[in-house]
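Down below is the structure, laid out as C-alpha cells.
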There are 2 protein chains.
Amino acid sequence: MARFRYPQLCALARAAEVVGERWTLLIVRELLLGPRRFTDVKGRLDGVSASVLTQRLLALEESGLVVRRYLEPPAASTVYELTAAGRALEPAINALVSWGVRALVPVRPRERVESDWLRLALTAWARREPTPARSFTVRVRQPRREVAVRVVGGPDGTTVSEAGAPSDATLIADAQTMLGLVSGMLVPAAALRGGHVRLDGDPRALDDFPALFNA
Amino acid sequence: MARFRYPQLCALARAAEVVGERWTLLIVRELLLGPRRFTDVKGRLDGVSASVLTQRLLALEESGLVVRRYLEPPAASTVYELTAAGRALEPAINALVSWGVRALVPVRPRERVESDWLRLALTAWARREPTPARSFTVRVRQPRREVAVRVVGGPDGTTVSEAGAPSDATLIADAQTMLGLVSGMLVPAAALRGGHVRLDGDPRALDDFPALFNA
DNA sequence: CCGCATCCGTTTCGATACTG
DNA sequence: CAGTATCGAAACGGATGCGG
C-alpha cells in the first residue's frame, strides 16, 4: 500500500491517508464500542475479506490508532483496541454521521442494521433543546431479527441509549417507517392507522415522538 | 463503480459511500473555496488522473453534492460548484482537519503546500479563548514559492485568514519550522537564534506567537 | 487550452480455500 | 480463532488522442 498517497501538506489529506481507505472508518466505528477480536469485527462488516481486514488493522496499528492486546489464558485471544489517537476520531465520525443521515432513506434491500448504528443515527437527529419528557423503546424489525434503542426526552434535550430499561411506550416498525417517523416525513397517527407501526404502552406518547428529533 | 459498497443501514457507511472514495474529500475541500473548473481542481491535486477526476465529479453530481454550471461566452467554460448538501460537509471536514493536524509533522519531501491548506491547519490549532492582540503574517517558504496567511489574536480568540493586510510582524520559515512554532514544539527565540525563522516587524511580538495556538 | 474518452501496465479488492 | 494464499475482477495512474 502506498504510504504517502497524497503529496500535500494538508491536514485533511493526512487524515484521508490514515482513515480514508475502504472499510477503515467502519473499523474504527466498531472499535469505538470497545476492544474487539478480529472475528468480531469481520462478522460486523459484511463483505470485507480477511486479507483486507488484516491489512487495515495492521495499518491502523502502524499509524498508532490501534493497539493489539493479547489476552491471558483461558481467554487466550487477541483483541484490537483504540488508542487515545483513535478515540480522538469520534468527533469527526459523529460529524460524518450527522451529514450521512440524510442518505439513510431510502433503505436498501438486504441491508443490515445493528442497534449501535441505529443509535448513532438517532443521536444525530436528536434535538438538543428541551423536548417532551417521554421515554420510548424504538424497535426496528428486520427480516432476520429486531434491534432496539431507547430514546428519552427531557429538559436537556433528547438522549439516545441502549435499549433495556422500561419506557412509556414501545414503537415497532420496519427501518424505513421508523426513519420516516424520526425525520418527520411520516405522521405517527397515519402510520399507526396504516398498520406500519405497532405501539405498545401509552397511546398518547406517540404524538410526542416527532418532537424529540430535528425534522 | 459499485454504488452500494457497504450493505449497512448506517449513516457513517452512507457518508463513506459518497465521500469515501480516493480523492473525493479533497475535491470537496477545493470546491469549498468556490466554483472551480476541471483543470483548476486537477492542477491542485497532484497525482489524480483525468479519468478518475471525471468519475469523481460525475459521482458527486449524481449524489447531489455538486452542480455543473456552464458559463456564457466569452468565458465559455464549465465550473463545478457545491450544492447546499455539499457545503454541509464543511463541519465534518473541519473535524477531520482538527484530527489530521497531528500527522502534519514530519513534513515530507516534495510535498506541496497551498495557503488555503495552511489556513485550515492553523485554524484547527487556533485558540478560542482570548489571546494576545497581535497580528502576524505567516510566510511559509517552499522550494518553488512561498505561501502566506494572516493570524490575528484578540479577545474572541485567534482568527486565521488570507494574507494581505499589514500586520505587526511577519514570520518567515520553512513548513517544518513553522509547524513547530505553532504546535509549541519549537521555542521562538531559539528558532530565531538558530536562523530557522526570519522576523520582520516588531521583535517583541514573536514571544506572543505561541500563545495564539493550542499547544 | 478544456473536458473528457480510451488504452495499458500496476495495484487493490473480494471471494474462496487453506493453515497453525 | 486469526489469520495466509491464491486468483479473477475492479480500480488506479499515466499517457495519448480528440472534439469543441
Side-chain angles (χ1 to χ4, degrees), chain A residues 1-8 13 16-27 30-31 35-63 66-81 110 112, chain B residues 1-8 13 16-27 30-31 35-62 66-81 110-112:
Chain A
M1 195 170 330
R3 295 289 290 284
F4 301 146
R5 191 173 291 288
Y6 307 113
Q8 307 179 1
E17 283 182 348
V18 179
V19 298
E21 308 270 335
R22 209 161 292 170
W23 296 109
T24 302
L25 267 183
L26 303 187
I27 295 168
E30 292 304 316
L31 295 183
R36 291 289 186 272
R37 291 177 303 176
F38 185 95
T39 311
D40 297 333
V41 176
K42 186 168 190 306
R44 289 271 229 154
L45 306 180
D46 305 331
V48 73
S49 66
S51 60
V52 166
L53 183 54
T54 301
Q55 283 178 247
R56 296 296 182 269
L57 287 170
L58 240 49
L60 286 170
E61 208 180 346
E62 280 183 44
S63 307
V66 162
V67 288
R68 189 194 285 245
R69 219 175 52 202
Y70 304 90
L71 300 183
E72 295 299 311
S77 77
T78 315
V79 292
Y80 297 87
E81 187 173 15
R110 283 177 299 285
R112 180 171 174 179
Chain B
M1 198 166 333
R3 294 291 289 286
F4 300 146
R5 192 171 290 288
Y6 307 113
Q8 308 179 1
E17 282 181 350
V18 180
V19 298
E21 307 272 335
R22 207 164 294 171
W23 296 109
T24 302
L25 267 184
L26 303 186
I27 294 169
E30 292 303 315
L31 296 182
R36 291 289 187 274
R37 291 176 304 176
F38 185 94
T39 311
D40 297 334
V41 177
K42 185 168 190 307
R44 285 273 214 141
L45 306 180
D46 307 329
V48 73
S49 66
S51 61
V52 166
L53 183 54
T54 301
Q55 282 177 248
R56 296 295 181 270
L57 287 169
L58 240 51
L60 286 170
E61 207 179 349
E62 280 183 44
V66 161
V67 287
R68 188 194 290 245
R69 220 175 51 203
Y70 303 90
L71 300 183
E72 295 299 313
S77 77
T78 316
V79 293
Y80 297 88
E81 188 173 15
R110 284 178 297 287
E111 221 170 24
R112 181 170 174 180

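Because the structure is a prediction, the values reported are computed rather than measured. All chains are named by letter (A, B, ...) in the order of the sequence lines, taking the proteins before the strands, and each is independently numbered beginning at 1.
- One distance of note links CG of Leu31(A) with CG of Asp40(A); it measures 10.0 Å at 0.5 Å rounding.
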Sub-3.5 Å pairs of nitrogen or oxygen atoms, protein against nucleotides 14-16 of chain C:
| from | atom 1 | to | atom 2 | distance (Å) |
| --- | --- | --- | --- | --- |
| dG14(C) | OP2 | Trp23(A) | NE1 | 3.1 |
| dA15(C) | OP2 | Gly47(A) | O | 3.0 |

Decide side-chain contact (heavy atoms from CB on, under 4.5 Å) for Gln8(A) and Leu45(B); before the verdict, give the C-alpha distance in whole Å, the side-chain angles of both, and the deciding distance to 0.1 Å.
-> CA-CA 8 Å; Gln8(A) 307 179 1; Leu45(B) 306 180; 3.4 Å; yes
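- The shortest side-chain heavy-atom distance between Asp46(A) and Arg112(A) falls under the 4.5 Å cut-off.
- Here the P atom of nucleotide dG14(D) and the CG atom of Leu45(B) are 12 Å apart, to the nearest Å.
- For Arg44(A), the salt bridge (charged side-chain N to carboxylate O under 4.0 Å, His left out) partners at least two apart in sequence or on another chain are Glu30(A), Glu114(A), Asp116(A).
- End-to-end axis angle of the helix from dC1(C)-dG20(D) to dG20(C)-dC1(D), using five pairs per end and rounding to 10°, comes to 30°.
- No option in Leu60(B), Val79(B), Leu57(B), Leu58(B) other than Leu58(B) meets the side chain to side chain contact (heavy atoms under 4.5 Å, CB included) test with Arg68(B).
- Summarising the geometry, the separation between CZ on Phe38(B) and P on dC4(C) is reported as 6 Å, rounded to the nearest angstrom.
- In terms of the side-chain contact (heavy atoms from CB on, under 4.5 Å) criterion, residue partners of Ser63(A) (sequence neighbours excluded) are, by chain and number, Val18(A), Leu65(A).
- Taking atom CD of residue Gln55(A) and atom C1' of nucleotide dA2(D), one finds them 15 Å apart after rounding to whole Å.
- For the salt bridge (charged side-chain N to carboxylate O under 4.0 Å, His left out) test, residues two or more places apart in sequence or in another chain that qualify with Glu111(B) are Arg14(A), Arg108(B).
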Steps toward side-chain contact (heavy atoms from CB on, under 4.5 Å) verdict (Leu71(B), Arg69(B)) | CA-CA 6 Å; Leu71(B) 300 183; Arg69(B) 220 175 51 203; 4.1 Å; yes
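- To the nearest angstrom, C1' of dG3(C) lies 14 Å from CG of Leu71(B).
- Taking the ring pair (Phe, Tyr, Trp, His ring centres under 6.0 Å) definition, one finds that Tyr6(B) meets it with Trp23(A), sequence neighbours left out.
- Distance CG (Leu53(A)) to P (dG3(D)): 9 Å, rounded to an integer number of Å.
- The side chain of Tyr80(A) places an N or O atom within less than 4.0 Å of a non-bridging phosphate oxygen (OP1 or OP2) of dG3(D).
- Comparing dG3(C), dC12(D), dC1(D) by their closest approach to the side chain of Glu21(B) singles out dC12(D).
- Here Arg68(B) does not reach the OP1 or OP2 of dC2(C): none of its side-chain N or O atoms lies under 4.0 Å away.
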